[in-house]
Peer 1: 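Please read through the structure below; I'll follow up with questions.
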Amino acid sequence: MKEEGVQLIVDGKRLDGRGLEDLRPIKIEVGVLKRADGSCYVELGKNKAIAAVYGPREMHPRHFQDAKMARITYRYNMAPFSVDERKRPGPDRRSVEISKVSREALDPVVIKEYYPKTAIDVYVELLQSDAGTRTAGINAASVALAAAGIPMRDLVSSVAVGKIEGQVALDLNALEDNYGEADMPVAMIARTDTFTMLQMDGRFTTDEWKRGLALAKTACHQIYELQRQALIEKYSESIVEGVV
Ligand code: ADP
């Protein structure tokens with residue numbers, strides 16, 4: 001997409017050993033922060049994301065309140081040490097954009113009408129970044145919202161699909177993202193196959209786009225299962241211990 005000169009597929013395998021349709025290894029852990037109402041840690045390959053949810057709380061300042069429903073705020077932040085060269089701390093254009101699309105990806109599943117005039121705050125911190133960070137953040141935030149007991153219609157699952165060496169490939173890492181030809185992050189409600197985010201950087205032919213979307217769909221179904229399992233594991237543990 002941006003640069004040329006690295007062979008990304010050798011003997012049918014990607015440089016990290018994956019096939020074109022393989023996700024990176026995923027780890028999901030629920031309830032990692034004591035002070036948040038809900039939290040979740042997600043590893044997606046070398047990405048490390050942590051999501052914390054606070055609320056619902058009364059929205060301040062008051063003129064931001066919606067009399068009919070809660071408002072979700074979402075702050076995506078990449079730590080200065082999360083990338084090879086130190087990133088300047090604080091918000092920038094990219095993090096503002098990612099925060100906006102991530103909030104919109106989660107918005108449709110939250111039953112906001114239950115909490116008028118309140119805010120539900122979602123914070124996503126990237127401790128390590130290797131492309132696909134917005135998708136790792138959305139997966140973590142979705143589980144953290146559920147862990148916070150926020151009423152939701154369902155979970156949201158997210159993955160990116162791209163094009164490397166002229167071939168459609170799932171879940172690009174940073175090297176593939178830099179030297180590849182396209183990257184398309186999506187988020188969806190897997191159970192109903194409803195897309196809540198679809199972005200596109202680079203170009204696909206119509207056929208590649210359809211194939212990419214199908215790959216992303218299958219991957220979101222896999223991720224959804226892992227999210228569910230992580231929640232079940234956490235809360236069945238609490239029931240056994242008599243905490244709930
Ligand atoms: P995503 O992480 O969702 O794929 P981008 O495509 O914007 O979003 O970024 C791809 C990757 O590029 C990031 O995951 C990160 O590894 C790297 N990157 C992004 N912004 C910076 C930055 N300011 N400094 C260093 N690396 C960055």
Side-chain angles (χ1 to χ4, degrees), residues 1-3 16 24-61 63-64 70-107 110 118-145 147-148 150 156 158-160 162 171-180 183-187 196-197 199-202:
M1 192 164 29
K2 294 142 201 151
E3 299 171 47
D16 57 10
R24 287 173 282 183
I26 299 180
K27 178 180 159 186
I28 305 178
E29 204 178 328
V30 183
V32 290
L33 300 174
K34 197 172 160 205
R35 293 190 178 84
D37 293 317
S39 61
C40 177
Y41 172 71
V42 166
E43 276 181 16
L44 170 67
K46 292 183 187 150
N47 290 304
K48 296 184 179 188
I50 201 156
V53 169
Y54 297 85
R57 59 164 176 91
E58 193 180 347
M59 180 77 158
H60 286 291
H63 63 265
F64 283 150
R71 280 186 200 275
I72 300 173
T73 72
Y74 192 110
R75 194 191 73 166
Y76 163 102
N77 182 54
M78 225 164 63
F81 51 81
S82 70
V83 282
D84 283 343
E85 298 220 354
R86 178 183 176 275
K87 182 202 163 278
R88 218 175 134 194
D92 50 26
R93 251 179 57 159
R94 176 178 171 275
S95 64
V96 170
E97 176 226 313
I98 293 179
S99 299
K100 177 182 184 287
V101 296
S102 302
R103 179 178 53 73
E104 288 171 354
L106 293 166
D107 207 74
V110 177
T118 67
I120 298 167
D121 300 314
V122 183
Y123 296 91
V124 170
E125 296 288 326
L126 266 301
L127 309 177
Q128 198 165 280
S129 305
D130 190 39
T133 57
R134 77 196 66 198
T135 69
I138 291 168
N139 291 329
S142 172
V143 172
L145 279 164
I150 306 289
V156 172
S158 180
V159 78
D171 185 25
L172 304 191
N173 62 30
L175 189 72
E176 294 172 329
D177 187 37
N178 281 341
Y179 292 95
D183 187 34
M184 179 171 79
V186 306
T196 61
M197 178 185 83
Q199 295 188 282
M200 179 82 187
D201 185 11

Peer 1: Is there a donor-acceptor contact under 3.5 Å from the side chain of Gln199 to the main chain of Pro185?
Peer 2: no
Peer 1: Does either side chain, that of Arg94 or that of Tyr76, offer a donor lying less than 3.5 Å from an acceptor on the other one?
Peer 2: yes
Peer 1: Please report the shortest heavy-atom distance between Ala51 and Leu33, naming the atom on each side.
Peer 2: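 Closest approach of Ala51 to Leu33, heavy atoms only: O-CD1, 4.5 Å.
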Peer 1: A side-chain contact here means heavy atoms from C-beta on lying under 4.5 Å apart; do Leu44 and Asn139 qualify?
Peer 2: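 No. Closest side-chain heavy atoms not under 4.5 Å.
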Peer 1: Could I get the full list of salt bridge (Lys or Arg N to Asp or Glu O under 4.0 Å) partners for Lys48, not counting sequence neighbours?
Peer 2: none
Peer 1: Output the distance between atom CD (Glu29) and atom CD1 (Ile50), rounded to the nearest 0.5 Å.
Peer 2: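 If I round to the nearest 0.5 Å, the distance is 9.0 Å.
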Peer 1: With a 4.5 Å heavy-atom cut-off, do Cys40 and Ile28 have their side chains touching?
Peer 2: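 In short, these two side chains touch, coming nearer than 4.5 Å.
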Peer 1: Any side-chain heavy atom of Val156 within less than 4.5 Å of one from Met197?
Peer 2: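 Val156 does not reach Met197 side chain to side chain.
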Peer 1: Any side-chain donor paired with an acceptor under 3.5 Å for Thr133 and Asn47?
Peer 2: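 No pair is found: no donor N or O on one side chain lies under 3.5 Å from an acceptor on the other.
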Peer 1: Quick check for you: to the nearest 0.5 Å, what is the distance between Ser82 atom OG and Asn77 atom CG?
Peer 2: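 Reported to 0.5 Å precision, the distance equals 8.0 Å.
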Peer 1: Tell me if a side-chain donor or acceptor on Ser99 pairs with a main-chain N or O of Arg75 at a distance below 3.5 Å.
Peer 2: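 No; judged by distance alone, with no hydrogens or angles, the pair does not exist.
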Peer 1: Taking the side chain from Ser95 and the backbone from Pro91, do they hold a donor-acceptor pair closer than 3.5 Å?
Peer 2: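 Between the backbone of Pro91 and the side chain of Ser95 there is no qualifying donor-acceptor contact (under 3.5 Å).
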